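We number each residue from 1, following the sequence as shown. All figures in this text were calculated on a predicted structure; none of them were measured in a lab.
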Amino acid sequence: MCGIFGYCNYLVERSRGDIIDTLVEGLQRLEYRGYDSTGIAIDGDTPESTLLYKQIGKVDALKQEIARDAPERSTTFASHCGIAHTRWATHGEPRQINCHPQRSDPQNEFTVVHNGIITNFRELRTLLANRGYTFESDTDTECIAILFKHLYDENLSNGHELDFHELTKLVLTELEGSYGLLCKSVHYPEEVIATRKGSPLLIGVKSDKKLKVDFVDIEFPDDAAGKPDTPLGSKSGTPNASSRNLLNANRRTRPYEGNNFLPLAANEFNLRHSQSRAFLSEDGTPNPVEFFVSSDAASVIKHTKKVLFLEDDDIAHIYDGELHIHRSRRPEVGASMTRSIQTLEMELAQIMKGPYKHFMQKEIFEQPDSALNTMRGRIDFENGTVMLGGLKAWLPAVRRARRLIMIACGTSYHSCLATRAIFEELSEIPVSVELASDFLDRKCPVFRDDVCCFVSQSGETADTMLALNYCLERGALTLGIVNSVGSSISRATHCGVHINAGPEIGVASTKAYTSQYIALVMLALSLSDDRVSKIERRKDIIRGLHKIPDQIKEVLKLETRIKELCHNDLKDHKSLLLLGRGYQFASALEGALKIKEISYMHSEGVLAGELKHGVLALVDEQLPIIAFGTRDSLFPKVVSSIEQVTARKGRPIIICNTNDEVWAKKAETNKLLTLEVPQTVDCLQGLLNIIPLQLISYWLAVNRGIDVDFPRNLAKSVTVE
């Protein structure tokens with residue numbers, strides 16, 4: 001949800017047109033995250049001016065807005081910082097005044113772009129309004145920009161000219177909630193602040209010269225130099241308590257009088273005596289360098305593969321061609337004192353559509369490769385062994401667990417549900433599958449001998465991250481299954497597995513689901529590799545996994561048939577029922593979710609065994625029904641459930657195995673439609689059964705003229721609660 005992009009060039013001459021194009025293109029790379037408005041902030045023609053361009057709608061609408069204003073594109077800047085944003089509305093409906101960047105005042109002294117939700121913004125708004133500030137938007141972000149100005153002006157009036165990161169620390173002490181934000185100011189030209197708490201941010205570094213070290217140090221005030229590490233005293237001589245913040249001071253004391261309630265800077269000395277080792281040159285001369293700040297690596301990969309991932313409470317301060325990292329609060333004992341600069345494995349071609357019309361279609365057809373990549377180097381098919389490097393040292397602890405709790409949201413939740421049975425069968429550990437939001441609402445009991453597994457494509461899902469922190473506080477062993485390398489969940493968990501599905505741009509998850517499924521099955525196989533009684537079962541599953549990529553290719557050949565089915569049989573319907581049992585119940589839920597989110601058609605996944613408990617009342621000759629009738633131990637019961645449907649004039653579409661005689665006969669007598677998929681091991685059949693439903697959801701949406709990659713009201717990465 002929402003997208004942040006920032007571009008800073010130092011001693012790399014760029015025209016204003018180049019800067020605008022870089023920012024706008026960065027936003028286009030973030031479009032898949034979901035948004036309803038866009039905006040950018042760049043330097044004006046005078047040293048103390050900032051130009052804002054904002055517009056509701058797509059990035060193309062922003063381009064038109066910029067073209068109408070016609071800024072002088074040929075103006076060149078040796079050094080410059082610009083920020084940009086795609087907004088997904090949380091506070092205030094999509095209107096131009098609510099678009100980001102938000103400003104502190106009509107002179108644009110401070111401009112801010114922000115992902116997340118500030119939970120105490122109403123209190124801040126009331127406080128700042130009482131101080132005489134006016135608000136022009138409905139957003140929580142405007143409070144941040146005005147708070148920057150308020151604290152800057154108050155400190156300046158008391159003779160304290162703050163460094164930008166010091167001012168940011170003061171602002172952050174007032175904020176509650178989640179944020180990833182960039183701030184630029186006319187008072188700090190050619191500088192930008194990037195900070196995060198619960199919302200992802202990374203910084204790409206591009207330089208012709210090799211960096212001296214592959215990390216950036218976290219900087220702290222030099223206490224040895226005699227600089228106070230607490231706020232300075234007020235004019236009355238009474239020091240402000242370090243724990244006092246603007247809101248608390250306002251509540252606890254008499255009405256505002258002068259500077260007694262002012263949270264002043266941590267010290268009055270300029271901290272720029274330190275240099276960032278990574279950006280030092282051999283001869284001491286400045287290095288030309290460019291920085292790209294983003295909430296997603298997809299917008300950075302075109303420019304550089306060298307990136308640094310910020311942690312919660314980091315404050316990144318970019319100025320004079322250097323990147324400095326400070327902390328808004330003191331780190332925990334044992335926390336890393338550096339942030340490593342990593343090399344992205346992603347390729348630009350991976351985030352391009354290629355010959356496909358939509359990213360979703362591309363990603364559906366990438367599943368033979370993504371499934372293979374998930375297994376590559378991890379399964380020895382000749383010897384029938386599984387080796388997950390990120391879990392090897394932790395497997396004994398996982399095997400000793402009293403309970404395994406799988407926690408996820410949406411599609412990731414369905415992948416957990418699909419593999420729960422095989423976990424219980426192979427590991428003989430009780431498994432519970434939880435929706436992260438419900439898990440938190442119930443304050444579910446978690447103990448030290450529990451193992452909590454967190455599954456997320458982005459690794460940034462807000463509810464899942466909150467659940468992870470909840471479990472860490474209670475001493476449980478945590479395990480992550482994520483797609484995005486360097487994500488918050490991958491860094492916060494004790495151990496885990498990257499599914500290696502590659503970038504997934506379409507909002508509806510397709511290849512990430514099948515890769516999560518495979519990764520979880522491999523985890524179950526790893527847990528059971530010491531059980532003699534499970535040897536043959538494990539061999540069958542590993543042989544089945546070996547065939548999966550080729551079998552997915554076979555299922556994808558159904559696209560033409562499915563396209564006709566959507567046009568002829570499902571076109572004008574408003575509701576759809578999906579029936580599944582056992583391993584296929586998760587397939588029914590996931591298929592229903594895909595159809596809902598992409599085609600806007602109401603659909604419901606139902607456990608076939610529950611038909612007689614109410615759902616059967618919906619069945620008639622008009623209601624379209626899709627039923628999973630593939631072979632497994634529950635096949636006779638599934639056949640019985642489907643016969644109950646046909647007995648009430650229902651005409652279900654059956655997803656069955658190739659050349660299944662049972663369904664061939666029933667198709668003749670009851671005029672049933674069938675979609676045939678190859679047969680595999682029962683616990684892997686869902687990998688093949690879900691492909692037709694992904695294609696059905698895609699073609700239903702295309703036939704209705706819906707933008708498949710950007711469904712209304714939805715975002716790819718859900719980074720707010």
Side-chain angles (χ1 to χ4, degrees), residues 1-2 85 87-93 95 97-106 109-155 157-158 162 166-183 185 193 195-199 231 234 240-266 312-313 315 328-329 440-441 462-463 465-466 469 719-721:
M1 289 182 174
C2 302
H85 191 262
R87 176 177 183 256
W88 194 84
T90 56
H91 295 83
E93 64 186 41
R95 291 191 298 137
I97 201 67
N98 289 331
C99 301
H100 294 206
Q102 286 293 312
R103 62 185 184 177
S104 59
D105 61 297
E109 290 184 39
F110 290 88
T111 49
V112 173
V113 295
H114 164 233
N115 289 356
I117 293 177
I118 304 303
T119 55
N120 65 331
F121 88 99
R122 289 182 179 84
E123 293 91 337
L124 286 171
R125 192 180 182 103
T126 300
L127 180 72
L128 292 167
N130 291 340
R131 300 286 173 88
Y133 294 97
T134 58
F135 291 79
E136 59 186 14
S137 79
D138 303 317
T139 67
D140 53 344
T141 306
E142 189 179 8
C143 291
I144 304 175
I146 293 177
L147 190 57
F148 265 104
K149 175 175 169 54
H150 170 66
L151 293 175
Y152 176 83
D153 289 346
E154 291 292 332
N155 275 276
S157 66
N158 284 275
L162 306 185
E166 292 179 303
L167 176 62
T168 304
K169 283 184 182 180
L170 299 182
V171 170
L172 297 185
T173 61
E174 309 300 334
L175 302 184
E176 297 174 6
S178 63
Y179 51 80
L181 64 87
L182 301 186
C183 181
S185 172
I193 286 288
T195 184
R196 62 157 284 180
K197 182 179 180 182
S199 191
S234 63
N240 290 318
S242 59
S243 63
R244 177 180 299 172
N245 63 34
L246 191 62
L247 288 175
N248 290 339
N250 193 58
R251 296 187 189 110
R252 289 199 301 261
T253 60
R254 62 188 185 276
Y256 178 70
E257 294 177 11
N259 60 359
N260 286 331
F261 310 101
L262 183 66
L264 296 176
D312 278 356
D313 301 314
I315 300 173
S328 62
R329 62 177 66 185
L440 289 165
D441 292 344
D463 286 325
M465 270 303 301
L466 290 171
N469 292 331
T719 54
V720 296
E721 291 183 73

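Shown here for Ile146 and Thr134, the closest heavy-atom pair between the two residues is CD1-O, 3.7 Å. Contact between Arg125 and Phe135 at its shortest, heavy atoms only, is NH2-CB, 3.3 Å. Between Leu167 and Tyr152, the closest heavy-atom pair is CD1-N, 3.7 Å. The two atoms that bring Cys143 and Leu128 nearest to each other are O-CD1, 3.8 Å, heavy atoms only. For Phe148 against Thr168, the heavy-atom pair with the smallest separation is CE2-OG1, 3.6 Å. Of all heavy-atom pairs spanning Ile117 and Asp140, the tightest one is CA-OD2, 3.5 Å.
The CD1 atom of Ile144 sits 4.0 Å away from the CD1 atom of Ile118 when rounded to the nearest 0.5 Å. Rounding to the nearest 0.5 Å gives a distance of 7.5 Å between CZ of Phe110 and CG of Asp153. We find the OG1-CG distance between Thr139 and Asn98 to be 6.0 Å, quoted to the nearest 0.5 Å. The CG atom of Asp105 lies 10.0 Å from the OG1 atom of Thr111; values are rounded to the nearest 0.5 Å. Here the straight-line distance linking atom NZ of Lys197 with atom CD of Glu176 works out to 8.0 Å at 0.5 Å rounding. Taken to the nearest 0.5 Å, the OH atom of Tyr133 stands 9.0 Å off from the CG atom of Leu147.
Around the CZ atom of Arg122, the shell of radius 6.0 Å holds no more than 12 heavy atoms that belong to other residues, nucleotides or ligands.
None of Arg103, Gln102, Arg87, His100 except one satisfies the side-chain hydrogen bond (donor to acceptor under 3.5 Å, both in side chains) rule with Thr141; the exception is His100.
Side chain of Asp313 to main chain of Ser328: no donor-acceptor pair is present (N/O by atom type, distance under 3.5 Å, no hydrogens or angles). Using modelled atom types, no side-chain atom of Ser199 and backbone atom of Arg196 make a donor-acceptor pair closer than 3.5 Å. In this structure a side-chain-to-backbone donor-acceptor pair under 3.5 Å is missing from Asn120 to Gly177. In this structure, the side chain of Asp312 engages the main chain of Gly198 through a donor-acceptor pair within 3.5 Å. No side-chain donor-acceptor contact under 3.5 Å links Glu174 to the backbone of Leu124.
The shortest distance between side-chain heavy atoms of Asp138 and Arg95 falls below 4.5 Å. Counting heavy atoms from C-beta outward, Arg131 and Glu154 have side chains that stay 4.5 Å or more apart.
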*Apply side chain to side chain contact (heavy atoms under 4.5 Å, CB included) to the pair Asn115 and His85, showing each step before the final yes or no.*
CA-CA 9 Å; Asn115 289 356; His85 191 262; 2.9 Å; yes
*Hey, mind stepping through Leu162 and Leu151 against side chain to side chain contact (heavy atoms under 4.5 Å, CB included) and telling me if it holds?*
CA-CA 10 Å; Leu162 306 185; Leu151 293 175; 5.8 Å; no
